[in-house]
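Here is the structure we will look at, set down as structure tokens.
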Amino acid sequence: MRILYHLIVFYITIHLVWGLFREKKFWKQASLVLVLILFLLRLLLIE
Amino acid sequence: MKNKHIMTGLLLLGLTLVAGFFSGREFLSLRRNDEIFPGSGLTARKRLSDYFPALKDTAGDTEVFIFDSAAQGGNLLILGGTHPNEPAGFMTAILLAETIRAARGKAVIIPWANASGFTHSDPQEGSPQRFFIETPTGRRWFRLGSRVTNPVHQWPDPTIYTNPMGQKLAGIEARNLNRAYPGKATGNLTEKVAFAIMALIRKEGIDLGIDLHESAPEYPVINAIVFHENASELAAIAQMELQAEGFEFRLEASPPNLRGLTHREWGDAAGIKAVLLETPNASHGRLKGRPTVSLIVDGKDKYYERASRLGRLFVPYGPEGIPLKLRVARHLAGVQAILASLHELEPDETIELANIPSPAEVQSKGIGLFLHPALK
């Protein structure tokens, strides 16, 4: 189950990072970052 | 600049890593247990995994404090932290572990029954991660957790949870220790913790189990002794004694069809006298204002005060609030009354605990005076 969890979170994290560099508008980049923090913590099984 | 957004992305990514580092460190600090300084009456310090080795090195393993008089008598189990967002429950267990000495019989105390639940807080509640109690040498900090096991330790929740007794519940209840009894050796983490507690009850020959809780002031089962039918007389005598001391307690019989709870399964599966005590706690009620450390410790809330005036609560809630010291005093009085009642009904199972802080003194002087002082 843990592997499945990691795969799901990793997949979304990669999309968030990809979006961060493709997005040209600053506020959209900033919004992505707010979500990215949570996914990084989940990826590391911290919270 | 053509690649300005790439530079901004890199900068924001760097900020993300910094923010992640600091917030991650804060969350990880919740995995370190608060310190307990047991009194001289302690005879053994064990872990729950000593009773069920499969729990070893898991987030469900937790400390067990044993106070054995070696004199013949009954054996008592006190559980705090079944729900880690109910501070009077685990603070009473901690206070007892730091003060008591068994004069007859044996007491087993588990202050953080759902250890995993203490490593996170309820999402979207804005609850503080910790609260403090003033002691003569300074503040002692204690974690405030979530009602349920951390999803990092047990995931995913099923859509419908069928507990070990076959009762169907909402999916999140799969992480509620007080729905998981009598537990399951091959079950999820929460069920394994419940299984380990049942193993402890059998191995330590427990006669009486007291599970300490809190509930929201708008919830009908409040200021109550919930009892298994094994303990109906015990609870009734205790209630009369408590009333004589000025503590109002309701009596609530454990419903036979509500499965998985301590006051049902401890009695059914292990045959012990099982009771659960509830005190009112505004900090996890639905009508509360801002959840702050002060709300947890002082228990003052203008919205609950208003709800009380409108007759919407099951306990009176005045401007003085319902502070933690009063809630802990109620639990202490409840434990003492139940032990006195046990002595009356089953003299052979008498459990005498010396040095229990007086409920009246805890109520007037605060908890901090009786806890081990903060380390400098």
Side-chain angles (χ1 to χ4, degrees), chain A, chain B residues 1-32 58-59 116-127 129 143 145-146 148-158 171 174-175 186-190 192:
Chain A
M1 263 317 165
R2 182 168 284 191
I3 292 171
L4 180 64
Y5 182 86
H6 266 126
L7 284 174
I8 295 170
V9 176
F10 186 68
Y11 176 77
I12 299 170
T13 307
I14 290 295
H15 272 269
L16 287 168
V17 174
W18 180 246
L20 181 65
F21 289 107
R22 278 189 57 190
E23 188 55 62
K24 292 199 163 70
K25 290 183 180 160
F26 173 77
W27 288 111
K28 286 195 173 176
Q29 284 179 305
S31 307
L32 274 168
V33 154
L34 288 177
V35 182
L36 184 60
I37 295 174
L38 304 178
F39 274 85
L40 280 178
L41 293 176
R42 280 162 191 238
L43 193 62
L44 298 171
L45 289 181
I46 291 173
E47 179 65 8
Chain B
M1 194 164 70
K2 196 182 168 191
N3 286 330
K4 190 182 164 196
H5 68 285
I6 302 277
M7 294 306 291
T8 313
L10 280 170
L11 183 70
L12 288 172
L13 187 61
L15 286 175
T16 304
L17 293 174
V18 172
F21 173 78
F22 285 107
S23 50
R25 199 169 65 162
E26 187 60 35
F27 285 126
L28 285 174
S29 73
L30 289 176
R31 298 191 192 176
R32 279 197 305 274
T58 70
S116 167
F118 281 90
T119 65
H120 72 139
S121 44
D122 287 320
Q124 300 181 348
E125 288 289 323
S127 306
Q129 292 179 326
R143 291 172 299 169
S146 159
V148 291
T149 300
N150 193 334
V152 161
H153 303 137
Q154 184 183 310
W155 181 87
D157 288 342
R175 291 184 282 129
T186 54
N188 62 40
L189 180 67
T190 312
K192 283 179 181 166

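Naming: A, B, ... by sequence-line order, numbering from 1 per chain.
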Taking atom CD1 of A/I3 as the centre, does the number of heavy atoms from other residues, nucleotides or ligands within less than 6.0 Å exceed 12?
no
Would you mind reporting whether A/E23 and B/H5 have side-chain heavy atoms less than 4.5 Å apart?
no
Between A/L41 and chain B, with a heavy-atom cut-off of 4.5 Å, which part of the residue counts as in contact: side chain, backbone, both or neither?
side chain
Greatest number of non-hydrogen atom pairs under 4.5 angstrom with chain A, of B/H120, B/R31, B/H153, falls to B/R31
Which bit of A/L40 comes within less than 4.5 Å of chain B, counting heavy atoms only: side chain, backbone, both or neither?
side chain
Could you report the tightest heavy-atom contact between B/L12 and A/Q29, atom names first, then the distance?
CD1-CB, 3.5 Å
d(B/W155 CH2, A/L45 CG) to nearest 0.5 Å is 10.5 Å
Okay, B/L10 and chain A: the region with an atom under 4.5 Å from a heavy atom over there is both
As a test of understanding, state which of B/L13, B/T16, B/L15 forms a side chain to side chain contact (heavy atoms under 4.5 Å, CB included) with A/V33.
B/T16
Less than 4.5 Å to any heavy atom of chain B: does that hold for the side chain of A/L16, its backbone, both, or neither?
neither
Can you find a pair of side-chain heavy atoms, one from A/I46 and one from B/L28, that are under 4.5 Å apart?
yes
Heavy-atom proximity to chain B below 4.5 Å, by part of A/R22:
backbone
Taking all non-hydrogen atoms of both residues into account, name the closest pair between B/G9 and A/L20 and its distance.
O-CD2, 3.6 Å
